[in-house]
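The block underneath contains the structure these notes are about, expressed in structure tokens.
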Amino acid sequence: MALLDGKKLAGKIIRDLKKQVSRRKKKPVLAMVLVGSDPASSIYVRRKGIFCEEAGIISKTLRLPADTSEKKLLAIINKLNKDKNVSAIMVQLPLPKHINKTKIIESIDPKKDADCLHPENFGKFVQANEEYSIVAPATPFGIVRLLEEYKVKIEGKHAIVVGRSNIVGKPVAQLLLNRGATVTVCHRHTKNLAAFTRQADILVVAAGKRNLIRANMVKRGAIVIDVGVNHVGKKIFGDVDFGSVSKKASYITPVPGGVGPVTIAMLLWNTVRLAKK
Ligand code: ADP
């Protein structure tokens, strides 16, 4: 078993971005909008800010109270859209229930959409031409970068994706499909999940359920990507039972230190791309 070291790759990406940023007169500016005080979201935003600093990107965090109205949030995003000093905008999800997430995402100027969530960007991305879209969904793109870093071949492999969210499951399936994998997407309504996961050459798990994947559900030699982030007290666990599965996998991402840091690095990569356009 070998680790797919996301922390190391993130460091490499950040160093490269730092070089790119240092050549520019105007530093990229990432505006992060956080509504409410969800502890996990606060931690993510803080970490993104720290990564920005390392890359020489200026980050601004707008912290809004949980009862902020949708109208108010739309007005704030509109202001950021118009602000010439802001290169990229990121709205931390999840949003409080009284706010329509789709409406908010669609209000972000596609040219400032750091998360590649706007339908225009997401659509371009799905149309298979990655060069054509300016940005890419951070987690899926990070996963593919991680596989490439370790020279894992994707073409011709059977990839099983567990989870079908718009942020991870769907776009990662799309990206793997674009790279020539045969892709099966499983989710909470899948019957006999293990029958599918056991077929995986590449297994990507993004279900948000600790220990969902145990050793008996994994083929020997499989490549296992754990996107899960499950908070237990102060500790973080993935969706994969790392202890047992790592004995069977050929490559596996640790949690923390796997997909997480690469995701943030790719968010900054998007930010720099948007600043250059
Ligand atoms: P994320 O944004 O991290 O992908 P979400 O909570 O939006 O997380 O989505 C979780 C996904 O995981 C959903 O698509 C859901 O169908 C899937 N899922 C949840 N529980 C299970 C399970 N027990 N088996 C398979 N898939 C699951």
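We count residues from 1, following the sequence as given.
- Distance check: Tyr150 OH to Thr253 OG1 gives 10.5 Å after rounding to the nearest 0.5 Å.
- Within the model, atoms NZ of Lys248 and OG of Ser244 stand 8.5 Å from one another, a figure rounded to the nearest 0.5 Å.
- Of all heavy-atom pairs spanning Ser107 and Ile77, the tightest one is OG-CG2, 3.5 Å.
- Rounding to the nearest 0.5 Å gives a distance of 7.5 Å between CG of Leu34 and CE of Met90.
- Using a 4.5 Å heavy-atom cutoff, the side chains of Ile13 and Arg145 are in contact.
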**Message:** Between Lys18 and Glu54, is the salt bridge (Lys or Arg N to Asp or Glu O under 4.0 Å) condition met? List the steps.
**Reply:** CA-CA 7 Å; Lys18 192 177 178 176; Glu54 285 173 15; over 6 Å; no
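- In this structure the side chain of Gln174 never reaches within 4.5 angstrom of the side chain of Pro140, judged on heavy atoms.
- Around NZ of Lys101, the count of heavy atoms belonging to other residues, nucleotides or ligands within 6.0 Å does not exceed 12.
- Residues Phe242 and Pro254 share a closest heavy-atom pair of CE1-CA, 4.0 Å.
- Put simply, CE on Met217 and CG on Asn192 are 8.5 Å apart, with the number rounded to the nearest 0.5 Å.
- Between Arg179 and Glu148 there is a salt bridge, with a side-chain nitrogen of the basic residue lying less than 4.0 Å from a carboxylate oxygen of the acidic one.
- None of Asn121, Leu267, Ile167 except one satisfies the side chain to side chain contact (heavy atoms under 4.5 Å, CB included) rule with Cys116; the exception is Asn121.
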**Request:** Test Leu117 against Ile108 for side-chain contact (heavy atoms from CB on, under 4.5 Å), laying out the working first.
**Result:** CA-CA 9 Å; Leu117 288 176; Ile108 299 171; over 6 Å; no
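- Hydrophobic cluster membership differs between Val152 and Val240, with clusters built from Ile, Leu, Val, Met, Phe, Trp and Tyr side chains linked at under 4.5 angstrom.
- The closest side-chain heavy-atom distance from Pro110 to Pro119 is not below 4.5 Å.
- When the side chains of ILVMFWY residues are joined at heavy-atom separations under 4.5 Å, either directly or via intervening members, Tyr44 and Phe237 end up in two distinct hydrophobic clusters.
- Of the candidates Asn270, Thr271, Ile58, Ile89, Leu30 forms a side chain to side chain contact (heavy atoms under 4.5 Å, CB included) with just one, namely Thr271.
- Lys277 places none of its side-chain heavy atoms less than 4.5 Å from the side chain of Lys111.
- Leu64 is listed as a side-chain neighbour of Val33, based on a closest heavy-atom distance under 4.5 Å.
- When the shell of 6.0 Å around NZ of Lys27 is examined, it contains more than 12 heavy atoms from other residues, nucleotides or ligands.
- Taken from CG in Asp113 to CG in Leu274, the straight-line distance is 7.5 Å, to the nearest 0.5 Å.
- A donor-acceptor pair under 3.5 Å is absent between the side-chain atoms of Tyr251 and the main chain of Ile225, judged by distance alone.
- A continuous path of Ile, Leu, Val, Met, Phe, Trp and Tyr side chains, each step under 4.5 Å between heavy atoms, connects Ile154 with Val172, placing both in one hydrophobic cluster.
- The two atoms that bring Ala55 and Leu268 nearest to each other are CB-CD1, 4.2 Å, heavy atoms only.
- Arg24 places a side-chain N or O within 3.5 Å of a backbone atom of Ala275 that can act as its donor or acceptor partner.
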**Message:** Run the side-chain contact (heavy atoms from CB on, under 4.5 Å) test on Ile223 and Ser250 for me, step by step, so that the C-alpha distance in whole Å, both residues' side-chain angles and the decisive distance to 0.1 Å come before the verdict.
**Reply:** CA-CA 6 Å; Ile223 292 139; Ser250 59; 3.6 Å; yes
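- Ion pairing of Lys12 with Glu149 is present here, as a side-chain N (NZ or NE/NH1/NH2) and a carboxylate O approach within less than 4.0 Å.
- To the nearest 0.5 Å, atoms CG (Leu4) and CD1 (Ile143) are separated by 10.5 Å.
- Of all non-hydrogen atoms in Phe125 and Leu175, the two that sit nearest each other are CZ-CD1, 3.8 Å.
- Using a 4.5 Å heavy-atom cutoff, the side chains of Ile160 and Ile202 are not in contact.
- Closest approach of Pro261 and Gly258 over heavy atoms only: CD-O, 3.4 Å.
- The minimum heavy-atom distance between Pro171 and Ser165, with the atom names listed, is CD-O, 3.6 Å.
- Leu74 places a side-chain heavy atom less than 4.5 Å from the side chain of Ile104.
- By the 4.5 Å heavy-atom criterion applied to side chains, Asp226 and Ile252 are not counted as neighbours.
- Thr190 places no side-chain N or O within donor-acceptor distance of the main-chain N or O of Leu193, the cut-off being under 3.5 Å.
- The aromatic rings of His187 and His189 stand perpendicular to each other, their planes meeting at an angle above 60°, with 30° marking the opposite boundary.
- Judged as a side-chain contact (heavy atoms from CB on, under 4.5 Å), and not counting sequence neighbours, the contacts of Pro96 are Val35, His98, Ile99.
- Judged purely by atom type and a 3.5 angstrom limit, Lys157 has no side-chain atom pairing as donor or acceptor with the backbone of Val183.
- Transitive grouping of hydrophobic side chains (ILVMFWY, heavy atoms separated by less than 4.5 Å) brings Val227 and Val144 into a common cluster.
- Leu176 and Leu203 are not part of a single hydrophobic cluster, where members link through side-chain heavy atoms under 4.5 Å apart.
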**Request:** Report the C-alpha distance between Val29 and Ile57 in whole Å, list the side-chain angles of each, state the deciding distance to 0.1 Å, and finish with yes or no for side-chain contact (heavy atoms from CB on, under 4.5 Å).
**Result:** CA-CA 6 Å; Val29 176; Ile57 294 168; over 6 Å; no
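- A distance-only check finds a donor-acceptor pair linking the side chain of Lys247 to the backbone of Gly243 [under 3.5 Å].
- The backbone N or O of Lys170 sits nowhere less than 3.5 Å from a side-chain atom of Arg164 that would complete a donor-acceptor pair.
- Asn230 and Asp239 share a donor-acceptor pair across their side chains, judged by distance under 3.5 Å alone.
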**Request:** Let me see the working for Ile14 and Phe51 under side-chain contact (heavy atoms from CB on, under 4.5 Å), right down to the final yes or no.
**Result:** CA-CA 8 Å; Ile14 298 285; Phe51 273 57; 3.7 Å; yes
